[in-house]
Amino acid sequence: FRLGCIVGAEERIDRMVEHFIIAANLGHDESIQGLKLCYKEGKVSKEDFASALRGHQAAVNETKSPQREEASKAWQRQKPREQKK
């Protein structure tokens, strides 16, 4: 994603979009927002945007598990205790 931002600043839009798509397919949320903006500006085709959305959702679904959710809940319960110290 960051590399996409760098090449985007250099106005290399095609390369920026490629990097955003790669990051989206790995589950990076900000890259989806960047692609959405590019889509609205006509820099990404509807098919490419839809494909990136599907890839993003698949990556997010892959990281979900009951163990991760329980660990996240435990972490959230632990945070308030640490802040009180």
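Residue indices begin at 1 and follow the sequence shown. Being a predicted model, the structure only gives us computed values, none of them experimental.
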Identify every side-chain donor-acceptor pair in residues 46-56 under 3.5 Å, counting partners at least two apart or on other chains, and give the distances.
unit_1	atom_1	unit_2	atom_2	d
Asp48	OD2	Ser45	OG	3.3
His56	NE2	Gly27	O	3.4
His56	NE2	Asp29	OD1	2.8

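- The side-chain contact (heavy atoms from CB on, under 4.5 Å) check on Asn61 picks up Gln57, Lys64, with sequence neighbours excluded.
- Few gaps surround CD on Glu41; more than 12 heavy atoms of other groups in view lie less than 6.0 Å from it.
- A distance of 9.5 Å separates CD in Glu69 from OG1 in Thr63, rounded to the nearest 0.5 Å.
- Considering CD of Gln33 and CD of Glu30, their distance stands at 8.5 Å, rounded to 0.5 Å.
- The cluster map of Ile, Leu, Val, Met, Phe, Trp and Tyr, joined by side-chain heavy atoms under 4.5 Å apart, puts Met16 and Tyr39 in the same cluster.
- When each of Leu37, Leu35, Ile13 is paired with Lys43, the side-chain contact (heavy atoms from CB on, under 4.5 Å) condition holds for Ile13 and for no other.
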